[in-house]
Amino acid sequence: MICLLRNLSTISPPSLGYDKLPPATEISDGADLARIKYFRNLIAHPDKDELTTGEFNSMWACVSEAGGLGGQTNRKEQSQRNINKRFYDQRTSMPVIAKQSHAEEIERQKQLQQLTNQADNINQIDKEPTEEAIKYNVDVTPRTGLITTASSGDAPLEADCHQKQRPIKQDKREDIIIGTLNVQNVKSNALYIKNLLRDVHVLCIQEHWLFNAEKKIIAEITENSGYIAKSVDDNDDPDFNISMKRGYGGVAIIWKKEINENIKELIDGGNRIQAIHIQQGDKPICLINVYMPSDSKNADIEYKDTLAQIDEMIEKYKDTHEIIVCGDMNGSLDRSSTPHDKILKTFCKEKCIGNTEKCPVKETFYHQNGMSKGQIDYFLFKSNSEIINKIRQIDVLDTDPENTSDHVPVILTLNSQLKKVREKATTIIAKPKWTDCDHQIYKEVINKDLPKLMQKSKGIIEQDIRNLEKLLHKAGEAAIPKYKKNQNQIKGKGDME
């Protein structure tokens, strides 16, 4: 751009040329272009990977004057006022921060420490309910999402609108909490995902944007969690563009490691569908996480195909599992403005599947252009499913500065227990104490009975081995004091009840 402007326009070059930073007193279009180019190169090719506050402010003061980027109405007057605030090194024309940067850094550290101390004090206060909280029955438990207060009498309390919001936590220990979120790049949204996992047992995510070889990044981000994932390049499609810089789409389900024994992967669906079996209550849950195709050319065909895959899974598991479908449906049940809205509504009506009245009508997607939004992320259930009676609440969370996606989470809280795991029988091998063995007796017992075993052998190797094992135990019992066989039925983790 600079090259075009300096060669194809009538702009006069600055006094020092376009490759050096002009002095602050020089105000012209050419000088502005030189300033923009200079600081662009300085940031694009830095000697270090950080800037002090003073350096940034000084650079911004110079660049914002160029073209009125800082909003100045009279650049000449503003620039003259800035001259007295800035020092220039005459040898390099670089802004000299002098002692200002160091002083600002010290002040910033002091402010950071004060904020840390204030946060610690607030956390300590939050642990102990105040008299007012007890009086009005206010829930002071840290939450992730909608902040609510349970008030009684005529004195309701309002949550502080500036307080950071976190998803709703379970009210009882037996609750099962499942979340769904289109994360739009698991790498850039790692912090929000990690915080969200503190308050849910299972998290279904869409659009992780990882290639098959990158799936381990999920494990690195979500410590102490188990996961399964599908990527766009799982099936080695010959038409897949391997030159792409990053993946796209992709689904995954993440869960806390403490419930590992309650989770099993279900091998169903294409790379837009990921499903698991959750052992709970009297009937396990079949949780289907889906990322439906968005509106694009020929997307209707793929949209219907993905719904057909979901239908097949529902038919397969409806008699043995409670069915829950969740994810980014890229279609809404509360409008009819896109083709996918109509397709989704028709599917839900024909298959007797849909949302419940416990889910608020609230936007889950906010387009980056700020012009459109809608509710397209759902938890869907079979209309005759018993799991509907166990729904304690469904929450659509608010937007959060930590969340880099243009979707917000939807949280399902079930009044149900994860089924306890029956411990699997294991075998402990007891070592004979050979130092106390009477070798003479041991040999005599074996030499006496071994010929009989050989005569009775029918050539069946498994049976011969079992008979030989019995003989060795017999010799051990005769020759070794306190001889014990292998001890069975020692409990260890394993099968579910």
(message) Taking D311's backbone N and O only, do any of them form a donor-acceptor pair with K316's side chain (distance below 3.5 Å, no angle check)?
(response) no
(message) Which heavy atom of M292 sits nearest to which heavy atom of I310, and what is that distance?
(response) SD-CD1, 4.3 Å
(message) To the nearest 0.5 Å, what is the distance between CD1 on I323 and NZ on K382?
(response) 8.5 Å
(message) Ignoring hydrogens, what is the shortest heavy-atom contact between D334 and Q375? Give both atom names and the distance.
(response) OD2-OE1, 3.0 Å
(message) Ignoring hydrogens and geometry beyond distance, is a side-chain donor-acceptor pair present between E207 and N185 at under 3.5 Å?
(response) no
(request) Just do the side-chain contact (heavy atoms from CB on, under 4.5 Å) check on V186 and I193 with the steps written out, would you? (result) CA-CA 8 Å; V186 74; I193 295 171; 3.5 Å; yes
(message) side-chain contact (heavy atoms from CB on, under 4.5 Å) for M329 and D377? Distances and angles first, verdict last.
(response) CA-CA 6 Å; M329 307 307 293; D377 302 86; over 6 Å; no
(message) Side chains of L414 and I387, heavy atoms from C-beta outward: is any pair under 4.5 Å?
(response) yes
(message) I need the minimum non-hydrogen distance between K342 and S336, along with the two atoms involved.
(response) CE-O, 3.6 Å
(message) Tell me if a side-chain donor or acceptor on D400 pairs with a main-chain N or O of E402 at a distance below 3.5 Å.
(response) yes
(message) Before you tell me yes or no, could you show the steps for L203 and I205 under side-chain contact (heavy atoms from CB on, under 4.5 Å), namely the whole-Å CA-CA distance, both residues' side-chain angles and the distance that decides it to 0.1 Å?
(response) CA-CA 6 Å; L203 179 62; I205 64 173; 3.8 Å; yes
(message) When you compare the side chain of I278 with that of W255, does any pair of heavy atoms fall below 4.5 Å?
(response) no
(message) Heavy-atom count check: over 12 atoms from other residues, nucleotides or ligands less than 6.0 Å from E265 CD?
(response) yes
(request) For E220, look at atom CD and say whether over 12 heavy atoms of other residues, nucleotides or ligands are found less than 6.0 Å away. (result) yes
(request) Kindly compute the distance separating SG (C286) from NE2 (H277), expressed to the nearest 0.5 Å. (result) 9.5 Å
(request) Would you check if the side chain of N262 reaches a backbone N or O of Q279 as a donor-acceptor pair within less than 3.5 Å? (result) yes
(message) Run the salt bridge (Lys or Arg N to Asp or Glu O under 4.0 Å) test on E214 and K187 for me, step by step, so that the C-alpha distance in whole Å, both residues' side-chain angles and the decisive distance to 0.1 Å come before the verdict.
(response) CA-CA 10 Å; E214 298 177 304; K187 297 177 185 177; 3.1 Å; yes
(request) Say whether, by atom type as modelled, one donor and one acceptor occur between the side chain of K256 and the main chain of V202 under 3.5 angstrom. (result) no
(message) Quick check against the 3.5 Å criterion: does T364 have a side-chain atom that pairs as donor or acceptor with the backbone of I376?
(response) yes
(message) Given 3.5 Å as the limit, does a donor-acceptor pair link the side chain of D233 with the main chain of N212, or not?
(response) yes
(message) Please give me the minimum heavy-atom distance between L307 and F347, naming the atom from each residue.
(response) O-CE1, 3.5 Å
(message) Looking at H407, is its backbone amide N or carbonyl O close enough to the side chain of N403 to form a donor-acceptor pair, meaning the two atoms are under 3.5 Å apart?
(response) yes
(request) Could you give me the CA-CA distance, side-chain angles and deciding distance for L380 and L333, then say whether side-chain contact (heavy atoms from CB on, under 4.5 Å) is met? (result) CA-CA 11 Å; L380 304 177; L333 298 175; 3.9 Å; yes
(request) Show the numbers, then the answer: is there a salt bridge (Lys or Arg N to Asp or Glu O under 4.0 Å) between K362 and D395? (result) CA-CA 9 Å; K362 182 179 177 181; D395 298 290; over 6 Å; no
(request) Taking the side chain as every heavy atom from C-beta outward, state whether Y366 and T399 have any atom pair closer than 4.5 Å. (result) yes
(request) Check F379 against I178 and note the closest heavy-atom contact, atom names and distance. (result) CZ-O, 3.5 Å
(message) Do I176 and L418 have side chains that approach each other closer than 4.5 Å (heavy atoms only, starting at C-beta)?
(response) yes
(message) Any heavy-atom pair between the side chains of D398 and V408 that's under 4.5 Å?
(response) no
(message) Measuring from atom CD of Q184 to atom CG of D328, what distance do you get when rounded to the nearest 0.5 angstrom?
(response) 8.5 Å
(request) Taking N189 for its side chain and V183 for its backbone only, find out whether a donor-acceptor pair lies under 3.5 Å. (result) yes
(request) Please work out whether the ring planes of Y317 and H321 are parallel, tilted or perpendicular, with thresholds of 30° and 60°. (result) perpendicular
(message) Does either side chain, that of D300 or that of H340, offer a donor lying less than 3.5 Å from an acceptor on the other one?
(response) yes
(request) Measure the shortest side-chain to side-chain distance between L210 and I217 over non-hydrogen atoms and say whether it is less than 4.5 angstrom. (result) yes
(message) Within a 6.0 Å radius of atom NZ on K358, are there more than 12 heavy atoms belonging to other residues, nucleotides or ligands?
(response) yes
(request) Output yes when a side-chain donor or acceptor of H201 lies under 3.5 Å from a complementary backbone atom of I177, and no otherwise. (result) yes
(request) With the side chain counted from C-beta on, respond yes when P409 and Y192 share a heavy-atom pair under 4.5 Å apart, and no when they do not. (result) yes
(request) Would you please name every residue forming a salt bridge (Lys or Arg N to Asp or Glu O under 4.0 Å) with K318, sequence neighbours left out? (result) E315
(request) Please assess N260 against E258 for the test side chain to side chain donor-acceptor pair (under 3.5 Å), listing each intermediate value before the final yes or no. (result) CA-CA 6 Å; N260 265 347; E258 62 200 51; over 6 Å; no
(request) Measure the spacing between CD1 of I276 and CG of L287 and express it to the nearest 0.5 Å. (result) 5.0 Å
(message) Applying salt bridge (charged side-chain N to carboxylate O under 4.0 Å, His left out) as the test, list every pair that has at least one member in residues 269-287; sequence neighbours left out.
(response) R272-E302
(request) Could you grab the distance from atom CG of N182 to atom OG of S405, nearest 0.5 Å is fine? (result) 5.0 Å
(request) With rounding to the nearest 0.5 Å, note down the distance linking CD1 in I288 to CG in D268. (result) 8.0 Å
(request) Specify the closest pair of heavy atoms between N330 and Y303, including all atoms of both residues, with the distance to one decimal. (result) O-CE1, 4.0 Å
(message) I'd like to know if the side chain of H208 and the backbone of K230 have a donor-acceptor N/O pair within less than 3.5 Å.
(response) yes
(message) I'd like to check C204 versus V251 (side-chain heavy atoms, cut-off strictly below 4.5 Å). Are they in contact?
(response) no
